[in-house]
Q: 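Before I ask anything, let me first share the structure, which is written out below as structure tokens.
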Amino acid sequence: MNALSHPRERFIVGQVKKGKQLGKQLGFPTANLNTLGEIKLEGGVYGVFIYIEKRKYAGIMNIGTRPTFNDGNHQTVEVHIFDFHENLYGKYLTVEPAFFVRKEKKFNGIEELIGQIEKDVLYARSQFQSFNGEGGGHEKIQRTTAFA
């Protein structure tokens, strides 16, 4: 069952915890979430809206086992918020998946992974711009210093 088609199951709520700092090292810092409840999405990358203290941002989320890093079989949920540089440790985020970007896969190295993340970000940004266009059906994303 795909949660993107069932509004009641769309939201993921979690508390930001300290991770291994891998996203930051790659140039794409992530908020690692200790989620509340079961996640009903398949592993992969999603374009998401993130709600933090009544503010709405856009970004991408990875759900999966991070196979490139041989990180074991435990599921992780990581959110990269576009143009965001605040400390979120300990805060609760609400994440709303908006669209599927790609399935999770193992890359042959860090450079290949970084290249794919760059493509994922470009694709997601273009999709969010179309939401703000005419007939997008979504409210305009609140412009703050954290989202340009």
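For this chain, numbers begin at 1 and follow the sequence in order. Just so we're clear, the structure is a prediction, and the values are computed from it rather than from any experiment.
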Q: Check the pair Phe28 / Val121 against side-chain contact (heavy atoms from CB on, under 4.5 Å), numbers first and verdict last.
A: CA-CA 10 Å; Phe28 298 94; Val121 167; 4.0 Å; yes
Q: Run the side-chain contact (heavy atoms from CB on, under 4.5 Å) test on Arg102 and Gln116 for me, step by step, so that the C-alpha distance in whole Å, both residues' side-chain angles and the decisive distance to 0.1 Å come before the verdict.
A: CA-CA 10 Å; Arg102 65 172 172 85; Gln116 183 61 58; 3.4 Å; yes
Q: Does some side-chain heavy atom of Lys105 sit less than 4.5 Å from a side-chain heavy atom of Glu112?
A: yes
Q: Side-chain heavy atoms under 4.5 angstrom apart, residues restricted to Ile, Leu, Val, Met, Phe, Trp, Tyr: same cluster for Tyr92 and Val95?
A: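 No, separate clusters.
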Q: Under 4.5 Å between side-chain heavy atoms, counting indirect links through other Ile/Leu/Val/Met/Phe/Trp/Tyr residues: same cluster for Ile81 and Val13 or not?
A: no
Q: In Å and rounded to the nearest 0.5 Å, what is the CD1 to CD distance from Ile63 to Gln75?
A: 6.0 Å
Q: Pick out which of Ile50, Val79, Ile52 makes a side-chain contact (heavy atoms from CB on, under 4.5 Å) with Leu88.
A: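 It is Ile52, the one option of Ile50, Val79, Ile52 that forms the side-chain contact (heavy atoms from CB on, under 4.5 Å) with Leu88.
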Q: So, does His80 use its side chain to make a donor-acceptor pair with the main chain of Ile60 at under 3.5 Å?
A: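 Not at all, since once roles are kept as given, no pair shorter than 3.5 Å links the two residues.
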Q: Quick check against the 3.5 Å criterion: does Glu78 have a side-chain atom that pairs as donor or acceptor with the backbone of Asn62?
A: no
Q: Would you call Val16 and Asn32 a side-chain contact if the rule is heavy atoms closer than 4.5 Å?
A: no
Q: Establish whether Ile110 and Val45 are linked, either directly or via other cluster members, by ILVMFWY side-chain heavy-atom contacts under 4.5 Å.
A: yes
Q: Please test Thr65 against Glu104 for side-chain contact (heavy atoms from CB on, under 4.5 Å), starting from the C-alpha separation and ending with a verdict.
A: CA-CA 8 Å; Thr65 60; Glu104 184 175 53; 3.7 Å; yes
Q: Hey, can you tell me if Phe49 and Tyr51 have their rings parallel, tilted or perpendicular (30° and 60° cut-offs)?
A: tilted
Q: Check step by step if salt bridge (Lys or Arg N to Asp or Glu O under 4.0 Å) holds for Glu96 and Lys56.
A: CA-CA 10 Å; Glu96 178 185 14; Lys56 182 179 182 181; 5.2 Å; no
Q: Is the Tyr123-Phe128 ring centre distance short of 6.0 angstrom?
A: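 No.
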Q: With side-chain contact (heavy atoms from CB on, under 4.5 Å) as the test, would you mind laying out the steps for Lys17 and Tyr89 before giving the verdict?
A: CA-CA 6 Å; Lys17 63 181 181 176; Tyr89 291 121; over 6 Å; no
Q: Is there a side-chain contact between Leu41 and Ile12 in this structure, where contact means two heavy atoms from C-beta onward sitting under 4.5 Å apart?
A: yes
Q: Taking Arg125 first and then Asp120, would you say they form a salt bridge - that is, a charged N and a carboxylate O separated by under 4.0 Å?
A: no
Q: Within this structure, what is the CD-OG1 distance for the pair Gln15 and Thr35, rounded to the nearest 0.5 Å?
A: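 Answer rounded to 0.5 Å: 11.5 Å.
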Q: About how many Å separate CG of Asn34 and OG1 of Thr76, when rounded to the nearest 0.5 Å?
A: 12.0 Å
Q: To the nearest 0.5 angstrom, please state how far the OG1 atom of Thr94 sits from the CZ atom of Arg10.
A: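 So the OG1 of Thr94 and the CZ of Arg10 are separated by 13.5 Å.
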Q: Any luck finding a side-chain donor-acceptor pair between Tyr57 and Arg55 under 3.5 Å?
A: yes
Q: Can you confirm whether Val77 sits close enough to Met61 that some side-chain heavy atom of one is under 4.5 Å from a side-chain heavy atom of the other?
A: yes
Q: Nearest 0.5 Å, what's the CZ-CD distance between Phe100 and Glu42?
A: 4.5 Å
Q: What closest approach, in Å, do Gly47 and Val101 show between heavy atoms, and which atom pair accounts for it?
A: N-CG2, 3.6 Å
